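Taking it in order: structure first as structure tokens, then the write-up.
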Number of protein chains: 2
Amino acid sequence: MEQDELDLRKMLILKAVIDDYIETREPVGSRTIAKKYDMGLSSATIRNEMADLEELGYLSQPHTSAGRVPSDKGYRLYVDKLMNLEEKLGFEPTPEELEDVKSRMQHEIGEMSDQIRVASELVSRLTEYTSIAVTGAADGTRRIKALQVVPVEPGKALAVIVLDDDTVRNAVIQHDPAIVPEVLMKVSTQCNLLFAGHRVEEINLNMIDAVSEATGVSRAALMPVIDGLFECIKKAESTEVYTEGAAKFLSHPEFSDVGKARGILELLNRDDLMIDLIKECSTADGLVIRIGSENKIEGLNECSVVTASYSVNGVKLGTIGVLGPTRMDYPRVVAALEYVRRRLTGGRELPAGTVSIQKGMLNLEGEAGTEPGIDGAKADNVTGGAKDNAGVDADNLARTDKVRNEGLLRSRKQEEGQ
Amino acid sequence: MEQDELDLRKMLILKAVIDDYIETREPVGSRTIAKKYDMGLSSATIRNEMADLEELGYLSQPHTSAGRVPSDKGYRLYVDKLMNLEEKLGFEPTPEELEDVKSRMQHEIGEMSDQIRVASELVSRLTEYTSIAVTGAADGTRRIKALQVVPVEPGKALAVIVLDDDTVRNAVIQHDPAIVPEVLMKVSTQCNLLFAGHRVEEINLNMIDAVSEATGVSRAALMPVIDGLFECIKKAESTEVYTEGAAKFLSHPEFSDVGKARGILELLNRDDLMIDLIKECSTADGLVIRIGSENKIEGLNECSVVTASYSVNGVKLGTIGVLGPTRMDYPRVVAALEYVRRRLTGGRELPAGTVSIQKGMLNLEGEAGTEPGIDGAKADNVTGGAKDNAGVDADNLARTDKVRNEGLLRSRKQEEGQ
DNA sequence: TGTTAGCACTCAACCGCGAAGAGTGCTAAC
DNA sequence: GTTAGCACTCTTCGCGGTTGAGTGCTAACA
């Protein structure tokens, strides 16, 4: 595994290369590393290490006389173990942004999915990447809170249903015109009485017969109404996709080729593909990162996706994904998604400076009691099944690494300060 | 006016230049016109005419030794008088497309705005340009067809309203928890009884008092409910914007510059701007063309907009706009919007070959009795106030012109046939 | 044995130049 | 009024040389 393959120094160099590449988008050369990230090594030494890293598949060269560029494998290691999130977590949205988000996140009945959309907007603004929001739990666990049949005109009515997460949906019912509004209202009341508190699947013929009996409407005549209710549920469970900031793709130099950019934008409009893309990653609550060719959609090989699923009060709202070039600012994206998660999960404000991702290495097992729940879940997901790698060695390695990292960061800051 | 300014030959040459430029996107030179559109003139003569046309502002030169390119003024004249729609009207969507559109256009309650959106999709597919659909009449003329207040939980209810165009909207009501569901239902019934058939503005204190009296609920306690109903109306009248095929902008060579393309795409995402853009043009039923700098939005100076407003059964559905480069295929776009209009207006199928725009020159006053209503309205709008130009001279000129055009077209076809 | 200095080599990016080609405007002849 | 001819303009394209960043390799060094 990686631990055997890469010693500490190689990892530090890899990290430096990727950090620098993310920042500058230029292939990075040995001299740059030696100078900018002064690690007490000459460029020649670093050159040798970089050659090794290339041989191992973590780096590659655009052409012979160019610097190195991270490979997908390199990014993978980076997001799993190398990147440090501390630097990036300082950011906060502007007060206006927050106000806007807060006001729009007011829990508004019938507009549940708005929350995830607003969050998606925020994520896109914070990260400067395109974000995709996918709503819809489609898990059939929600219960009916209230329902009503509204007579519209003879033979035509509207079924309205409110679920326990306050989703509202309506559907048209074409019914036997012989059922007059008054009877329809009685049906409505009976249905409400009998169905409220149940999941839709639990509605059975007995219940329908009971309604039939109480209202004097035959079971057959009742069916359109029941169908209408089912239609509502179907609508409530349909998946919706919102894309925010698609134009931002054009800001990234890797898509300065119009043809490429167009390809991406066309994919972005394919709701079915986006649902696949996002849903595939959103098995659990937590962050999932798919790098370059790791995601299967043809045409997104030069893109990475970071997704986060959100639940509020146990109700799954949906998933937000950030789509950007493989060379994306992973720390920032992870931090932004995490920030929004905290906002969305609501209530529980963490003291300033405390964040749920706090360690430089994501797959460090929770050290002290710093929110182990979230940390644990995250580590699992971010590393995408890297549990097997997180042995004692890894732990040790990472800890040392972190110390070195901090030293490195400090010295860089001093440099910049002058 | 133009008639005095331009003789027939100049107009024919201008038409040829624009037709060719629309087709090839290359600045067109005198030799091209002379050869491709054989009009029995040498390139030198055409050169002189083109120099005149440039002096008059209908053409311009990118640089000294290049061909000519139409100016906005040139396009204006073209869409007003020169373009012939016959060639373009032959197209039909594929059977699958039609089936898809038809099935999705099924008048579905509560999803009224879907129709305009589906139509917009179709337009985008037919024209290969970006289309923008703006829904919402916001004219306050709709009447309440049915309404209902649905108790959800103590102190919380849902107002549902159905308007006479079958728009459905709902809104949350936070009311005095002292009002029990049974009373709420009575309020609902009373409101329905009293308000149905009225416009919202017509709801007055007398009516509210009547409800209060019939239900025993105080006027003050009733107000949240009324507010909820108003909220519904507000939602129903809110304008929605759908953009379809934004990526298509990137196919046009004039936007091969990524910066430019990004600017456009960002504008496309600005709903407020798009509403302004489309609504400004949609004063009447009919087509409106805005060319280049004619539309006021900064950044769309190199774009043209063609909009068409649609009503079904007297209810204004919304407006569809096509946004593309100034060098857009105007005949095709006009034809597509007109085609969709016929579909959307529904029912009345015209015999094959008969179309509501049938003349080569749009501002010809209706000749025989070929659907003068539609034609008349269209001419007014398309020419954007060109009525004053449509005198006897114009008529004469145009008629001759058309004959010449047909000859020209025929000979071109023969050429291509071999 | 690991590290470093030095050097030759590679290759993309840039620049300037000249040739090619399309198209014009002007003039003189028809 | 129309057209042929010609000189002129200006973009586009391809070519070759230069520059500079970065590499790999080798030999010396600690």
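Given the structure is predicted, the values throughout are model-derived calculations rather than measurements. Throughout, a chain's letter reflects where its sequence line sits, starting with A, and its residues are numbered from 1.
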Self-check item: DNA chain C: 5'-most and 3'-most nucleotides touching chain B, 4.0 angstrom heavy-atom criterion
Solution: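 In short, chain B contacts DNA chain C from C:dA22 to C:dC26.
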Self-check item: Atom CD of A:Glu302: over 12 foreign heavy atoms under 6.0 Å
Solution: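 Atom CD in A:Glu302 is not crowded, with 12 or fewer foreign heavy atoms closer than 6.0 Å.
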Self-check item: B:Glu54, CD: over 12 other non-hydrogen atoms inside 6.0 angstrom
Solution: yes
Practice problem: Check every atom of D:dT2, D:dG22, D:dT11 against the side chain of A:Ser65 and return the nucleotide holding the closest atom. | Solution: D:dG22
Quiz item: In Å, rounded to the nearest 0.5 Å, how long is the span from OH of B:Tyr21 to OG1 of B:Thr32?
Solution: 13.5 Å
Quiz prompt | Separation between CG of A:Leu265 and NZ of A:Lys260, rounded to the nearest 0.5 Å | solution = 13.5 Å
Provide, to the nearest angstrom, the distance between the [atom1] atom belonging to [X] and the [atom2] atom belonging to [N].
X       : N      : atom1 : atom2 : result
A:Arg68 : D:dG22 : CZ    : C1'   : 9 Å
A:Arg47 : D:dA21 : CZ    : P     : 14 Å
A:Leu59 : D:dG22 : CG    : P     : 14 Å
B:Leu41 : D:dG1  : CG    : P     : 14 Å
B:Lys10 : D:dG1  : NZ    : C1'   : 12 Å

Quiz item: Which part of the nucleic acid, if any, lies within contact of A:Thr45, taking any heavy atom under 4.0 Å across all strands shown: a base, the sugar-phosphate backbone alone, or nothing?
Solution: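 Base contact - A:Thr45 has a heavy atom under 4.0 Å of at least one base atom.
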Are the side chains of [Y] and [X] in contact, using a 4.5 Å heavy-atom criterion?
X        : Y        : result
A:Glu49  : A:Ile33  : no
B:Leu277 : B:Arg290 : no
A:Ile291 : A:Tyr330 : yes

Quiz prompt | DNA chain C: stems of at least 3 consecutive Watson-Crick or G-U pairs whose donor-acceptor distances fall under 3.5 Å | solution = C:1-30 with D:1-30
Quiz item: Could you go step by step and tell me if B:Tyr37 and B:Asp19 meet the side-chain hydrogen bond (donor to acceptor under 3.5 Å, both in side chains) rule?
Solution: CA-CA 10 Å; B:Tyr37 301 81; B:Asp19 278 338; 5.7 Å; no
Quiz item: Would B:Lys248 count as a cation-pi partner of B:Tyr129, with NZ or CZ less than 6.0 Å from the six-membered ring centre and within 45° of the ring normal?
Solution: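 Here B:Lys248 fails the 6.0 Å and 45° test against B:Tyr129.
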Practice problem: Would you jot down, in residue-number order, the residues of residues 27-34 of chain A having a non-hydrogen atom under 4.0 Å from DNA chain C? | Solution: none
Self-check item: B:Thr64 vs D:dC10: side-chain N/O to OP1/OP2 distance below 4.0 Å
Solution: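 Checking B:Thr64 against D:dC10: at least one side-chain N or O falls below 4.0 Å of OP1 or OP2.
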Exercise. Please evaluate the base of D:dT3 for a donor-acceptor partner in the side chain of B:Ser42 within a cut-off of under 3.5 Å?
Key: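 Looking at the base of D:dT3, it does not pair with any donor or acceptor on the side chain of B:Ser42 (distance under 3.5 Å).
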Quiz item: In terms of the nearest nucleotide of DNA chain D, which residue is placed more toward the 5' end: B:Asn48 or A:Gly67?
Solution: B:Asn48
Quiz item: Would a distance-only check, ignoring hydrogens and angles, find a side-chain to backbone donor-acceptor pair under 3.5 Å from B:Gln61 to B:Ala66?
Solution: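 Indeed, once roles are kept as given, a pair shorter than 3.5 Å links the two residues.
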Practice problem: Give the ring-plane orientation class for A:Phe249 versus A:Phe255, where under 30° counts as parallel, over 60° as perpendicular and anything between as tilted. | Solution: perpendicular
